[in-house]
Amino acid sequence: MAVGETPAGPGLFTALPPATVQALLGVGVERRFRPGEVLLLEGEPTTHVILLLSGCVKVTAGTTDGGRALLAVRLPGELIGELAGLDGRPRSATVTAVGLVNTRVMTQAVFQAFLRDHPDAGVAVSRSVAAKLRWATARRVDFSGYDVPVRVARVLATLVRSHGTRTQRGWEIGFPLSQPELAALIGAAEPTVHKSLSELRRKSVLETGYRRMTILDLPRLHLLAGLPD
């Protein structure tokens with residue numbers, strides 16, 4: 001891939017033809033959220049669907065010990081809340097703005113009508129939901145089958161594939177992610193994750209800054225993760 005190129009991820013902006021994207025941008029109402037503001041709350045009975053236009057959000061859920069687990073990060077072009085928009089069940093997770101976030105908010109009726117009128121969008125949404133399910137399944141497999149260094153490498157490789165941007169230095173993960181958040185995403189203690197990241201830096205696989213990570217050697221990362229190059 002060329003410098004500056006972003007790989008296709010789960011976002012609808014890359015999955016739909018331009019005409020359908022323009023139609024999608026015309027439904028619902030625009031709403032902006034401040035950093036730290038909650039867009040969706042776990043357990044609430046609301047059914048509206050949100051399309052991210054700019055900024056990023058984190059998806060978290062409560063754990064049995066009273067903590068919070070980071071489940072995913074969502075970027076522009078992605079839908080959030082679409083499960084409740086499809087089945088009307090309570091929210092399964094909390095979604096919080098990481099920075100300034102601009103969105104379009106659709107009621108359940110508007111969302112479902114759009115899918116009926118645009119079958120290509122219905123297919124894209126189904127694929128997006130399937131991709132999120134595959135991600136969740138892969139995390140459960142990783143938690144039970146690999147030690148922490150391999151899990152760190154596998155999660156970083158997956159984040160590059162879905163949200164990475166090619167730069168002169170390597171592949172930069174395109175959203176701010178702190179080490180505690182990464183530890184929550186991996187499901188490991190923060191000191192253990194910190195040790196794994198330090199080892200990746202020592203091997204010149206990874207470069208980190210304030211809430212920034214750049215993969216300097218992607219083939220080596222894939223090797224450490226046990227993934228095909």
Side-chain angles (χ1 to χ4, degrees), residues 1-33 39-40 47-59 70-89 91-93 95 97-99 101-139 154-167 171-177 185 215 218 227-228:
M1 291 185 178
V3 172
E5 184 178 355
T6 301
L12 296 180
F13 293 164
T14 59
L16 293 174
T20 306
V21 171
Q22 288 303 312
L24 179 61
L25 293 174
V27 299
V29 296
E30 185 171 343
R31 182 175 176 187
R32 296 179 180 178
F33 295 86
L39 287 72
L40 300 173
T47 57
H48 58 279
V49 179
I50 300 176
L51 173 66
L52 296 178
L53 300 179
S54 65
C56 87
V57 299
K58 59 184 179 182
V59 183
L70 178 65
L71 304 180
V73 175
R74 302 294 179 220
L75 297 178
E78 296 192 69
L79 288 175
I80 56 175
E82 70 272 32
L83 290 182
L86 292 170
D87 65 14
R89 300 287 298 277
R91 302 296 184 184
S92 59
V95 179
V98 175
V101 174
N102 191 28
T103 72
R104 291 199 73 85
V105 180
M106 297 166 271
T107 66
Q108 182 184 41
V110 167
F111 175 62
Q112 293 186 357
F114 182 83
L115 297 185
R116 287 195 298 270
D117 294 340
H118 299 83
D120 53 350
V123 172
V125 169
S126 296
R127 288 176 175 171
S128 175
V129 171
K132 293 174 182 179
L133 178 59
R134 289 181 183 277
W135 162 273
T137 301
R139 296 289 72 71
R154 291 175 74 89
V155 167
L156 291 177
T158 301
L159 292 175
V160 168
R161 184 167 62 249
S162 60
H163 301 308
T165 299
R166 179 74 169 177
T167 70
W171 287 93
E172 184 169 336
I173 296 175
F175 53 84
L177 186 66
L185 188 61
I215 305 302
L218 188 57
L227 297 172

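Reckoned from all heavy atoms, side chains included, excluding hydrogens, waters and symmetry mates. Since the structure is predicted, the reported quantities are computational estimates derived from the model, not experimental observations.
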- For Arg104 and Leu25, indicate whether the former's side chain and the latter's backbone hold a donor-acceptor pair under 3.5 Å. yes
- Which heavy atom in His118 sits nearest to a heavy atom in Ala23, and how many Å separate them? NE2-CB, 3.7 Å
- Task: Specify the closest pair of heavy atoms between Arg91 and Ala84, including all atoms of both residues, with the distance to one decimal.
- Result: NH1-CB, 3.2 Å
- Side-chain contact, heavy-atom cut-off 4.5 Å: Val57 with Val73? no
- Can you name the nearest heavy-atom pair linking Pro17 to Asp120, along with the distance? CG-OD2, 3.4 Å
- Would you give the length of the straight line joining atom CZ of Arg134 to atom OG1 of Thr158, rounded to the nearest 0.5 angstrom? 13.0 Å
- Does the side chain of Leu83 reach to within under 4.5 Å of the side chain of Val129, using non-hydrogen atoms? yes
- Mind checking the OG-CG spacing from Ser126 to Leu115? Nearest 0.5 Å is all I need. 8.0 Å
- Query: Quick one: does Thr20's side chain get under 4.5 Å of Phe114's, heavy atoms only?
  - Reply: yes
- With sequence neighbours excluded, tell me which residues meet side-chain hydrogen bond (donor to acceptor under 3.5 Å, both in side chains) with Thr47. none
- Tightest non-hydrogen contact, residues Ala124 and Leu16, listed as CB-CD2, 3.6 Å
- Query: Atom CG of Leu39 and atom CZ of Phe33: how far apart are they, to the nearest 0.5 Å?
  - Reply: 4.0 Å
- Query: At what distance, to the nearest 0.5 angstrom, does OG1 of Thr103 lie from CZ of Arg32?
  - Reply: 10.0 Å
- Message: I want to check something: taking the side chain as every heavy atom from C-beta on, are Leu79 and Ser128 in contact at a cut-off of under 4.5 Å?
- Response: no
- Is there side-chain contact between Val101 and Arg74, with heavy atoms separated by less than 4.5 Å? no
- Determine the minimum heavy-atom distance between Val59 and Ala93, stating which atoms define it. CG1-CB, 3.6 Å
- Do Val27 and Phe111 have side-chain heavy atoms sitting under 4.5 Å apart? no
- Message: The criterion is ring-ring contact (aromatic ring centres under 6.0 Å, His included); which residues satisfy it with Phe13, sequence neighbours excluded?
- Response: none
- Mark yes or no for whether Glu78, through its side chain, and Leu75, through its backbone, hold a donor-acceptor pair below 3.5 Å. yes
- Looking only at atom types and distance, does a side-chain atom of Gln112 sit under 3.5 Å from a main-chain N or O of Gly85, one as donor and one as acceptor? yes
- Message: Once rounded to the nearest 0.5 Å, what's the spacing between atom CG of Leu12 and atom CG of Leu24?
- Response: 6.5 Å
- Item | Within-4.5 Å side-chain heavy-atom neighbours: Val110 and His48 | no
- Item | Atom pair CD1 (Ile215) and CD (Glu172), whose distance is rounded to the nearest 0.5 Å | 10.5 Å
